[in-house]
Amino acid sequence: MVEKIASRRVERLSAVKGMNDILPPDSSRWEQFEGKVRLLMQRFAYENIRTPIVEPTALFMRSLGEVTDIVEKEMYSFEDRLNGEQLTLRPESTAGVVRAVVEHSLLYNGGKRLYYMGPMFRHERPQRGRYRQFHQVGAEALGFSGGEVDAELILMACALWKDIGLSEVALQINSLGQPKERNQHRQALIAHFERNIDVLDDEAKRRMHLNPLRLLDSKNPAMQEVIEAAPRLLDFLGDISRAHLETVTSILDANGVAYSINPRLVRGMDYYNLTVFEFVTTSLGSQGTICAGGRYDYLNEQIGGKPAPAVGWALGVERVLELLKEQGVASGGSVLDAYAVIPDVAALPKAMACIQQLRGAGVRVLMHASGPDGMASMKAQFKKADGSGARYALIFGDEEIRHGIVTVKALREGGVAQVTQILDNAAQWAESLQSNA
Ligand code: ATP
Ligand code: MG
């Protein structure tokens, strides 16, 4: 019996702003999506990696760049008051993956292809497609320098869109070249922004000399014209960088993948070089980027490891699922095979022994549970069974139990309307209850 807590009023607490509960039945869409991701990663031979959600703050300062949106204003950073450590809830996972790869010398005998999924944290203004806790699936290939691995990652994302039934995502690509080429471009960029200083907002003025590439990432409409007219990094690329981009695009061409070269695409972190790319849609308003990535050949060194090339992407799970909903892609269907109707608590031991056999054989069974007054009426239980979406009701009545049988009744069209089965042999008739059978 559940007793009521004395009449004290307890104040209700809610979730932190911008951080969502993912509830049934929506959570089943998440599980389906995650299942498809796992199968995809297996097909492409990417192995799972799980790193902590909390990392030393210095890791992100060093890797993402100090003059970036994330580090300047979006990180959940705090001091562990028990030992004074400076910590941050991860805003992304590439830095943590590289840290783990360096720490455990994962590249000692060649490259590694890794993937992860999990929550990320950024203190942004919550809106559709933009949350403070959100989820990413990411793939990282470390120790490979050839453009064919950039292409493999892009093809893998395209395969995922196909697996989940997503259409109308456009691929944009750019090359950020190598540090030397970027430096030359940087000088040209600063000169261009100095000529147009009147149009720049305060943030742009502050960042102009620190990190002028970041200005290209600005969403301020007043600055778009100046950004449009800025010198293009593509024009500063040398032969090797051009050839790398050519490797990637020729593989995409051979695979029939449509893309456009966007010379303004710079990405929000400093660690990228050569290939960068984004998958974009127009149907989620300004939160249109669902997946983004690129090459980061210098990050390993920056985090204290040996030099090792790398490339990867991350996709926003909330945005992908919202886009699927938008495009009306159906999901799921019933996940229940049978509903166990149990008229009397006395039948529970025998009934549950049978249900246990069924579940052991893979049948999905929801069992009616008793309330304070025992079991509900048959009528009430059948109503629940009908509403559950199950294909069959299993009736464990007194009469049945006495004869060692159970009545199996079809709740929906198709299948035999009503049969009896032997209680003890549940494993043998389990197959006939499974949906899609
Ligand atoms: P945006 O330009 O939309 O802020 P971003 O460049 O900051 O994106 P990345 O750091 O590249 O995003 O992260 C990869 C993906 O993660 C994004 O393309 C997006 O789908 C998703 N994402 C990023 N930030 C959020 C957020 N706050 N809420 C939900 N999804 C997000
Ligand atoms: Mg952002």
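Small disclaimer: the values here were computed from a predicted structure and weren't measured. Every number for a ligand or one of its atoms is a count from 1 in the order of the listing.
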- Task: Evaluate the salt bridge (charged side-chain N to carboxylate O under 4.0 Å, His left out) criterion for residues E124 and R130: first the C-alpha distance (whole Å), next the side-chain angles of each, then the deciding distance (0.1 Å), finally the verdict.
- Result: CA-CA 7 Å; E124 302 196 69; R130 196 175 289 287; 2.8 Å; yes

At a 4.0 angstrom heavy-atom cut-off, ligand 1 is contacted by R122, E124, G129, R130, Y131, F134, Q136, K219, R267, M269, T289, I290, C291, A292, A314, G316, R319

*CZ-OG distance between R207 and S218, expressed to the nearest 0.5 angstrom*: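 So the gap between those two atoms works out to 9.0 Å.
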
The ring pair (Phe, Tyr, Trp, His ring centres under 6.0 Å) partners of Y296 (sequence neighbours excluded) come to Y271

Check your understanding: Under 3.5 Å, side chain of S241 to main-chain N/O of L237, donor-acceptor pair present?
Key ->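 Not a single qualifying donor-acceptor pair exists.
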
Notebook entry, point to check: If you draw a 6.0 Å radius around NZ in K180, do more than 12 non-hydrogen atoms from other residues or ligands fall strictly inside?
Noted result: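 No, the 6.0 Å shell around NZ holds no more than 12 heavy atoms from other groups.
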
- Looking just at side-chain N and O atoms, do D235 and H185 make a donor-acceptor pair shorter than 3.5 Å? no

